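Here it is, the structure in full.
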2 protein chains.
Amino acid sequence: MSLRHALLGLLSEHPASGYDLLKLFETSLANAWPATQSQIYTELTKLADAGLIAVAAEGPRGRKEYTLTAEGLAELRHWLTETKPQRTTRSDTLLRVFFLGVLTPDQARGYLTELIERADEGHQGLRQLEESIDWTDDNLSVYGRIALEYGLRLHTMHREWAEWASGQIT
Amino acid sequence: MSLRHALLGLLSEHPASGYDLLKLFETSLANAWPATQSQIYTELTKLADAGLIAVAAEGPRGRKEYTLTAEGLAELRHWLTETKPQRTTRSDTLLRVFFLGVLTPDQARGYLTELIERADEGHQGLRQLEESIDWTDDNLSVYGRIALEYGLRLHTMHREWAEWASGQIT
DNA sequence: GACATCATGTAACCCGTTACATGATTTT
DNA sequence: AAAATCATGTAACGGGTTACATGATGTC
């Protein structure tokens with residue numbers, strides 16, 4: 001049920017349309033909780049039905065601008081303070097590591113080398129994102145910056161670990 | 001489609017029953033790709049139908065011991081070498097960070113403090129797992145050890161990041 | 001004999017992905 | 001006039017979670 005809270009969270013900063021939210025997902029939440037267009041529109045309808053958000057204005061092309069209701073803000077706060085983050089993390093990348101023994105040592109090292117490249121690319125991508133964003137002093141900027149730092153550190157860790165792991169293969 | 005490859009991977013080491021595989025998931029793959037009992041049994045049936053695994057022996061209580069077929073091993077190798085790990089990582093924990101601005105600074109720091117505690121617990125849990133395992137020189141041991149190191153480093157990174165983040169909140 | 005463990009299978013529901021489907025408005 | 005962008009909605013499918021359902025075998 002995190003998608004709904006992601007939407008509530010974004011709407012807590014500014015009113016926005018489904019289209020706006022889709023763009024916000026692409027830039028800010030893409031690395032924490034990716035969502036597709038179809039998912040967003042479906043969930044917005046459900047959130048409106050549940051009274052957690054409301055249509056505040058309508059624009060050209062059937063644009064519907066949603067705002068967070070008092071119930072929606074309460075639900076967001078409840079999620080943040082009263083529920084534990086417990087989503088099981090699944091990593092395709094790490095799963096493969098367990099089975100590298102069915103490959104030759106060279107192939108196994110090759111896999112880890114690719115991971116190093118991907119870590120570097122990811123790190124660079126976040127650096128570029130950092131530069132492209134107009135960092136203000138609003139909440140999403142402050143905490144978005146903290147989340148971005150998480151990503152930078154994660155990629156650095158990936159690189160160092162993959163280098164170490166490569167040396168473990170005899 | 002990673003569950004099927006996780007099963008093929010485990011079977012590449014030793015023949016095993018659904019029940020055995022369930023136990024293996026709990027100890028070795030739990031942190032990379034958790035799976036439930038119902039999922040495992042369903043997938044094993046599909047894999048057998050597809051000819052990637054076969055029932056090699058039957059035991060008491062309807063126990064079916066599966067082995068990897070040549071096609072299964074080929075599929076495992078194909079997955080490891082020819083397909084890219086691209087599973088989008090979703091992190092409930094990180095998503096929440098974006099919206100900590102709707103809480104008071106004290107509450108936000110409280111959330112990060114909890115993350116530090118969970119990181120320490122996770123680190124300790126892996127240390128205990130490390131000690132409880134009878135590390136041999138088979139493939140799953142060698143690469144399982146590498147995967148475990150990944151977890152240790154991840155938890156360390158989490159702690160350091162959360163401590164840093166806590167200091168960023170004014 | 002009671003209890004723990006071994007052992008398998010199915011059904012309902014929710015969430016996420018991909019693809020389809022349509023059309024208005026703005027920019028070049 | 002053409003192309004890009006804005007804007008929304010639905011349907012089919014696949015995978016994961018929870019719960020239900022059953023029973024045999026080994027151990028104390």
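Values in this document were obtained by computation on a predicted structure and should not be read as measured data. Chain letters run A, B, ... following the sequence lines, proteins first, then strands; residues in each count from 1.
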* What is the distance, rounded to the nearest whole Å, between atom CD of A:Glu26 and atom C1' of D:dT5? ->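 Going from A:Glu26 (CD) to D:dT5 (C1'), I get 13 Å.
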
* Asked: Nearest to the side chain of A:Tyr19 - D:dC6, C:dT18, C:dT8?
  ->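 Output: D:dC6.
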
* No-H, no-angle donor-acceptor pair, A:Ser17 side chain to D:dT8 base, under 3.5 Å ->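 No.
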
* Earlier contact from the 5' end, DNA chain D, for A:Leu22 and B:Pro34 ->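 Looking at DNA chain D, the more 5' nearest nucleotide goes with A:Leu22.
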
* Assign each of A:Trp33 and B:Lys64 to its nearest nucleotide of DNA chain C by heavy atoms, then name whichever residue's nucleotide is nearer the 5' end. =>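 Its nucleotide being nearer the 5' end, the pick is B:Lys64.
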
* Asked: Quick one: does NZ or CZ of A:Arg153 land under 6.0 Å from the six-membered ring centre of B:Trp164, within 45 degrees of the ring axis?
  ->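 Judged by the rule, A:Arg153 and B:Trp164 form a cation-pi pair.
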
* Pair of N/O donor and acceptor under 3.5 Å linking D:dT18 base with B:Thr36 side chain ->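 Check fails, no donor-acceptor contact within cut-off.
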
* How close or far is atom P of C:dC14 from atom CE of A:Met1, stated in whole angstroms? ->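 Value for this atom pair: 9 Å.
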
* Asked: Once you round it to whole Å, what is the distance between C1' of C:dT8 and NZ of B:Lys23?
  ->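 Whole-Å distance recorded here is 13 Å.
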
* Rounding to a whole Å, what distance do you find between B:Leu24:CG and C:dA7:C1'? ->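 That distance rounds to 15 Å.
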
* Asked: B:Arg4 CZ to D:dG14 C1': how many Å, rounded?
  ->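 My rounded result for the distance is 12 Å.
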
* Kindly point out which of C:dT17, D:dG16, D:dT10 is positioned nearest to the side chain of B:Leu3? =>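 So the side chain of B:Leu3 is nearest to D:dG16.
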
Dump every N/O contact between nucleotides 23-27 of chain D and the protein below 3.5 Å, one line per pair.
unit_1, atom_1, unit_2, atom_2, d
D:dT25, O4', B:Arg61, NH1, 3.4

* Asked: Between A:Arg90 and D:dT17, does any side-chain N or O lie under 4.0 Å from OP1 or OP2?
  ->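 Yes, such a contact exists.
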
* Does B:Tyr41 put a side-chain nitrogen or oxygen below 4.0 Å from OP1 or OP2 of C:dG9? ->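 Result: no.
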
* **Electrostatic pair A:Glu121-A:Arg118, nearest N-O below 4.0 angstrom** =>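 No, A:Glu121 and A:Arg118 are not salt-bridged.
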
* **Side chain to side chain, B:Asp49 and B:Thr45, heavy atoms closer than 4.5 Å** =>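 Answer yes - side chains close enough.
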
* Given atom CD of A:Glu58 and atom P of C:dT25, what is their separation to the nearest angstrom? ->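 Result: 14 Å.
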
* To do: Determine whether the side chains of B:Thr136 and B:Asp138 contain a donor N or O and an acceptor N or O closer than 3.5 Å.
  =>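 Their side chains do contain a donor-acceptor pair, which is all the 3.5 Å distance test asks for.
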
* Once you round it to whole Å, what is the distance between C1' of C:dG9 and CD of B:Gln39? ->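 Computing the B:Gln39:CD to C:dG9:C1' distance gives 15 Å.
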
* To do: State, with a plain yes or no, whether a side-chain heavy atom of B:Thr156 is found less than 4.5 Å away from one of B:Glu160.
  =>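 Yes, at least one pair of side-chain atoms sits under 4.5 Å.
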
* Asked: Expressed in angstrom and rounded to an integer, what is the separation of B:Arg63 atom CZ from C:dT5 atom C1'?
  ->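 After rounding, the reported distance stands at 13 Å.
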
* Decide whether B:Ser12 and B:Arg77 meet the rule of one side-chain donor and one side-chain acceptor closer than 3.5 Å. =>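 Looking only at side-chain atoms, B:Arg77 and B:Ser12 do not form any donor-acceptor pair under 3.5 Å.
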
* To do: Please state whether the phosphate of C:dG9, meaning OP1 or OP2, lies under 4.0 angstrom from any side-chain nitrogen or oxygen of B:Gln37.
  =>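 Answer no for this pair, as no side-chain N or O of B:Gln37 is under 4.0 Å from OP1 or OP2.
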
* A:Glu75 side chain to A:His5 side chain, donor-acceptor N/O pair below 3.5 angstrom ->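 Side chains of A:Glu75 and A:His5: pair found under 3.5 Å.
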
